[in-house]
Chemist: 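Just passing along the structure, written as structure tokens.
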Amino acid sequence: MELFFILQLAFYVLGGVFSLFASAEKENLSRATHLLAGIAGGCGMVYSLAVLFGAPQVSYLFPAGLPLLGSLEFVVDPLSAFFVFLISFLSLATSIFAIGYTRTSQLQKGVPLLGFLYNFFILTMVLVVTVRNIFYFLIFWELMSIASYFLVVHKHERPEARRAGFIYFVMTHIGTAFITSAFILLFVNTGSFQFDPLSAHAPLLSPAWKNGIFLCALIGFGAKAGMIPLHIWLPEAHPQAPSHVSALMSGVMIKTAIYGLLRFLFLFLGKPFAWWGSAILIFAIFSTLFGVLYALMEQDLKKLLAFSSIENIGIILLGIGMAVFFSATNQPVLASFAVVAALYHVMNHAAFKGLLFLSAGAVLSQTHTGNMENLGGLIKKMPWTAFCFLVSAAAISALPPLNGFVSEWLTFVSLLMGFKSESVGIRFFAPILASLLAFASALVATCFVKAFGIIFLGTPRSKCVSESREVDFSMKLGMGMLAACCVLFALLAPVIISLLGKVAQQFFGSEVLSQHFVRKAFLIDPAGLSQFAPSWAFIAIVVVVLCILIATRVFLGKGTIRIGPSWDCGVKALSPHMQYTATGFSKPLRRIFSFLYQPTRRVEVEDEGHEILRTARRFESKVHPFFEETFYRPLSKWIGIVSQKVKAIQTGHIQLYLSYIFVTLVLLLIFLRLSR
Amino acid sequence: MSMEHESILSLIHFMGMAFLIFSFAMIASPQLLSCVRFYALHSLSLAVITALIAYGNHVEHLIVPAILTLVLKTWVIPQIFFKLTRRLGVHREIESYINIPFSLVLSTLLVFAAYYTTGDLKVLRPVFSNEFIPLAIATILIGMLMMATRKNAVSQVLGLLLLENGLFLMAVTMTFGMPLLVELGIFFDVLVGAIIMGIFVFKIRNAFEGIDVDDLTVLKG
Amino acid sequence: MNPIPSVLQVLLVVTVAPSVSWWIKKIKASSQNRVGPTLLQVYSDLGKLFRKGMVISNQASWIFHVMPYILFSAVLVAASMVPIFFKGSLLGFSGDAILFVYLLVLGRFFMALAALDTGTTFGGMGSSREMTLSSLAEPALLLSFFALAYHAGTLSIEGMVSHFGSQSPLQILFFGSLAFGAMLIITLAESGRIPIDNPATHLELTMIHEAMILEYSGRYLALIEWGHQIKQFLFLSLLVNIFFPWGLAEPGAGAALFLGSLFFLIKIFSLAFVIGWIEVHTAKLRLFRVPDLLAIAFVLAVVSLLGQLMIGQ
Amino acid sequence: MSILYLLSVPLAFAFLSLVFTSKVLVRSFFLLGTMVLAVAGWWLVFQSNPKEKIFAFGENLMMDSFCALFILIIVSIGLLSSLYAAGYLFKEDESAIPLVKLKRYAFFFHLFLFTMLLTVCSNNLGIMWIAIEGTTLASAFLVNVDDKKSSIEAAWKYLILCTVGIALALFGIILVYYSAISGAIGDGKDFLHWTFLMEHARQLDPEVMKLAFIFILVGYGTKSGLAPFHSWLPDAHSQAPSPVSALLSGVLLSCAIFGIVRFHALTQIVTNSQFSGNLLIFFGLLSVAIATPFILIQGDYKRLFAYSSVEHMGLVAVGFGFGGLFGIYGALLHIINHAFTKSLLFFSSGHLLHHYRTKEIQKINGIIKTSPLLGGIFFLGVLAIAGLPPFSIFVSEFVILASGFIAKRFAVCAILLLLLILVFAGLLKHASSMVFGKSEQPVHSEKSLLMDGVLCIGVVLILVMGVYLPTPLNHLLQEASLVIQGKN
């Protein structure tokens, strides 16, 4: 299996080097780079699945270049294997998509650099989840951020791309600062830079150190995952990156933060405290609600998808929060079920969010605009993209036959297993959290009805829709693969859960067995609350639909169909502008939640003389971005003011500089005299 | 021998007082040239003190720095300054941020502070007599005050040289002077420093038509 | 145990559902001293619609054609999970309350999409309002299910019904009544009854559910109407079987089945009478007052859960 | 004797460069001088055994592993700077500098190298003081090669402030000498020898040592650009021509830190308390804190890099303050990394000045479009100085932070992390506004292979040092940290 690991890394490096020589006219080289990335993804899937299915851990040791900082060691245990599988299968799909996508007019210039950065970006992600040394983990972590920064700033002529890149890189750096301090706190305790001694030493940590390390890790990885107070970079950065890259960023990059968090919570910090669980749950539910509430108000498709990533991170954190809570009140079986729920949602989110971004990329490549207000009726021009977007929209809104529902159901049940814990607080709040999760998933359904409906259905709102036509084969194949995954991950739920059970075993010891979660085709929960058979549900729906179709066809014959214009109340001029717009669609929710949004609207009215028949020239409605306005903007303004003030100490007068020296000298002498 | 010792001791104390008076005179002198002359006298008293200490305590290797001070600081450096001011046609008055009476009050305060802090210093048991330590520190503080308040580049250099004299007195009274090699090096550095500062004053006058340090505030932030 | 009674149950649900909506129309008519439609009228309407030809908009895409079948099948699968005439159900084992609720969400999701498909203003308005209100109703519905699950110890609807069947009414009176109140409000919201949505009119100010299916005709309209009536019947039967479970037959009992189902029909028609009575005596709420009503439902569910915790089982 | 050979090389080439008349000869001898110096330096350092010391000139000059590191930096950066200067100053186009100025530049450049080598190799603290004073005087002329008003002002301030600072340092040395005499340890001849003082540190008087360290810290702190005394640094480094400011920022500041660390080692043993360590941490943190606002709102990119030098010197001071194997190892490594990275940055700013003729950050944008090589290297350089992983600065910052946590100084490390983030944000903001975006000014782009070559060598060096540390260098660092802890 080591061979496949090395092969994967080698292919990425080869792909990167190949792309440096590729240029716009040499098509086959840019196609080769993405093909190589795809093959590398394939190799990755091979050895990660092997490890998940029970093969011994893959481990590899590079000769370390730097003294004092430990050895560069790679080990692929079940947890790393799961994340490598995630990275590989999504990068396989995005690479196939990218073969066609990079040829479209979107990304004509800068292809060589884009290809190189793309391969380098996936390579660093794979390395991050497999490295076993603190120092090299931080190096690959920051390399991942650098690669994604350059990808976000790829179209650097646009000022908003530069601004997004800047915010993204600074927020990531803040996260890395916290992660560095968490790791060094661990190092100070154990004296070694390797991960294995850290997890071996975990039970001996004193409570004060554990709490400190937990907080640093939560804030550090939370910033990278896009947890609510630290999320402002996500809706800025993802839309700027090319779509197949933002699919990877949303699908997998923020999951490396979840990987880091899991490693800290369940391997490095030994037995957690109960308040950790509630802290994570609070952050999780805020991320879920705010993520979807802001996603609803977006007009730009990729920003909408970015906000919905924040919502899904919230769902994952809900699972992790309950897992931490259960393992704090030493119920390992319940805790492992919650971890399995979280990991399952990580995988599902990678599948459908990747597909959403890819189809958004397809739409972008044809219509050259991300703004939903001037799209519409694309289903007739791009049927395949529309179908894939529909599948992923249904999956993300957790509609039953697809994978979204399975992981949502697992998260619901892991929340409701809170009934079994003896603390009254969690017994009351767990169902409340579950109902808020239901509320959020209903809003997601609304959000994606709006997205799909406004973009693909109805009549085209602007001419850029008319020139668009279906994307080429490689992009369709990429999207098709992910759509198939959305269905496959639902049907194969029992198999997948038994694999994830192995990862849970790594956390909670071997007494956690997969038959606590799976009985033949049924997913059961250890607390005996309920059971669910995804395959049965899928078959039931499909069979019933077919029966009705056949029944109506047999009993009532073909039935005459007459094509006529849509109902226009006799006005005879049903123009596309009479349709509901994205802003209009989310208007009721904006009114209901006006306390949160504080919506402001500006209407420029123009009346040709008579004030009754006035025509609104321009309507602009903005939603108050709560976190930016209340915390981040004042902070940066305050820093600016302080810096201006401090600038005054450099006035240019040499006498002033001399008096700085003499005053400091006198103060030091006094300090010496006092301290004696 | 003891009587001779007494007379040397009293002579040294007299020269110490002269040393302090000349530093007051330097900070109080309105004219640049008078300030340079006082500097020459100040170095002369320093040279005499060094010679007397050398003779009184039979420390032969102190004679060389005494002679060097006499030659360099009472004759060579003042000549440089005279030639400089004549060649540059620099106007004679000394502009300062604080007027002369106020700077005199300040310098007396500094002298008092020097005596207060280091007067009964148990820590420093100087080799020779311990009342020269506060005198040296007072001179250093006056030198600092002079540099910090003068607007004219030349008078800033003079403040620096005054500070060096204070340091040199401290060295002599604390440890009978440093090893000869180091003494020579320090003198060489002071001389080259003075020459280079002279060159730069010359450059400033060419560039800024005047050696008022206030024009030198272009570089900010 | 043989599946025949549960298959029969599904067929029975499908046939009895229109009669309940006829019964509600009848009550409204009699209270407005009109005669109202006959029982056969409802069935003949459906039959007529099935046979009629269809007029389909030129803007419509394949989603417009697929939606009625998905809606009807979703409702049918949901129906096969709920014990109605007796304590068993055809697919009860395959899922629980969450699957039941999300099946209905599947139907609603595609209905909202189809509404947007034809590019008319009514479709957009209907789907926007429907999705908004349903996303406010869903947490209350699920929370009341969770409150019941907390008491019953299981999430599957079959388990809940059999659990509450064996409970003495006094024991579950307090939190049960609160949960019943919440579920009743949600039933009105889901089936589009008066306080939330006016099923009888096509006035754009008031219609939510009707606005979405404005473009439909013929066979598709029949399927949608029928599905809607089944969904309404499902909610009513849920209310009846969970909160008034006495007399419901055990899965195996052959003879008692008829008696049990008869008894169930009486209960369901009396509950339909209550719905009809509410419809007559309350005016439709303004659209932005409905969230307050749904908030009341949510609070009722929260209090019923809190009640159980405080009193401790 | 080999130290004397090493010192004689720059001196010889300094006076040699005054002799020639044609520009080509001056340029070639100028380059030859630094090459010979570099070879001599490397040979001297790497052939000697890091464990033992080499004495010369009657024990007044000495080279142990600690000094060897600095010799390495001086000769390497000197070579890079002279290579760059050959392309940057000695160019033949219309804005060429007259021959007399070039000869003066070559003379003072080699003199400057000589004084710095003397500082580092001197065992006698008095000679070290003289050498540091010499560096100030030599580099004063290098700062204002082009006689503009602002560069004269910068040179003047540099001269006055550093001379005052160093005068105060002299007072510190006198106090140390005094405590050696009052301790009456041995015969008077080698009381000022650092090795002697380190062996007999126990007999020195702690109170006098503390007073001496205060004067030394203020004195050499002025020279090394620590916080309240740093005011001359931004003016001098931004007005000096790029090769000189690379040398000033990269090497001269480190030599001043070398002085402080020698006395810190001495004080630590004499007072065996954290007195000097705490002072170093306080002033180091103060330097980083004061440099941060200036970096955030800076308008001129050369001043930006000057303030970043203040910040990195603060980091080095904090590293030495934390102490322990990790602290000192990290601080020494940070001096080396900072020397190479900062010189690369000043070379690239020289390029920018050469191409765009302005130091304003707002006026330059879209470098990546007009000259991709320069844009790429400049941006990578800025990321390197901000401490991002693939580059070497991250390694030493990580080690210093680790030593901070080991020394249980969490508050200091937290403040450091916060300030480093702010500095990173400031640097990124400026760099991205300069490198990206549409470029509209005309660019005087005549390519000079030598200058681009130096840039590429610089980038390769900091990338390699970020991943791989050659073992001989590692031994030197370990030995030097033992020397400073006084354990060898």
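Proteins come first, then strands; the chains are lettered A, B, ... in the order of their sequence lines, and each starts at number 1.
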Chemist: Checking the side chain of C/S128 only, and the main-chain atoms of A/F585 only, is there a donor and an acceptor separated by less than 3.5 Å?
Modeler: yes
Chemist: Are there more than 12 heavy atoms of other residues, nucleotides or ligands under 6.0 Å from atom CZ of A/F593?
Modeler: yes
Chemist: Identify which part of A/A386 has an atom lying under 4.5 Å from any heavy atom of chain C, answering side chain, backbone, both or neither.
Modeler: neither
Chemist: Go through the atoms of A/L416 and report whether side chain, backbone, both or neither lie under 4.5 Å from a heavy atom of chain C.
Modeler: side chain
Chemist: Checking A/F405 against chain C: side chain, backbone, both or neither under 4.5 Å from a heavy atom?
Modeler: side chain
Chemist: So, does C/T121 use its side chain to make a donor-acceptor pair with the main chain of A/M578 at under 3.5 Å?
Modeler: yes
Chemist: Would you mind telling me which of C/L103, C/L76, C/V105, C/L136 has the largest number of heavy-atom pairs within less than 4.5 Å of chain A?
Modeler: C/L103
Chemist: Look at the side chain of A/S566 and the backbone N and O of C/T118, then say whether any donor-acceptor pair between them is shorter than 3.5 Å.
Modeler: yes
Chemist: Can you tell me which portion of A/L549 sits under 4.5 Å from chain C's heavy atoms? Options are side chain, backbone, both or neither.
Modeler: both
Chemist: Measuring heavy-atom distances to chain C, does A/L296 have an atom under 4.5 Å in its side chain, in its backbone, in both, or in neither?
Modeler: neither
Chemist: Say whether A/Y580 and C/S127, considering side chains only, have a donor N or O and an acceptor N or O under 3.5 Å apart.
Modeler: no
Chemist: With a 4.5 Å cut-off on heavy-atom pairs, point out which of C/P291, C/G53, C/P139 contacts chain A the most.
Modeler: C/P139
Chemist: Is A/K380 reaching over with its side chain to a backbone N or O of C/Q59, donor-acceptor style, under 3.5 angstrom?
Modeler: yes
Chemist: Is there a side-chain contact between C/F109 and A/L390 (heavy atoms, below 4.5 Å)?
Modeler: yes
Chemist: Just so I understand: if I count every heavy-atom pair under 4.5 Å between each of C/T154, C/L113, C/V55 and chain A, which residue has the most?
Modeler: C/L113
Chemist: Does atom CZ of A/F429 have more than 12 heavy-atom neighbours, drawn from other residues, nucleotides or ligands, at distances under 6.0 Å?
Modeler: no
Chemist: Do any N or O atoms from the side chain of A/Q579 and from the backbone of C/G124 form a donor-acceptor pair under 3.5 angstrom?
Modeler: no
Chemist: Measure from the ring center of C/F93 to the ring center of A/W536 and say whether it is less than 6.0 Å.
Modeler: yes
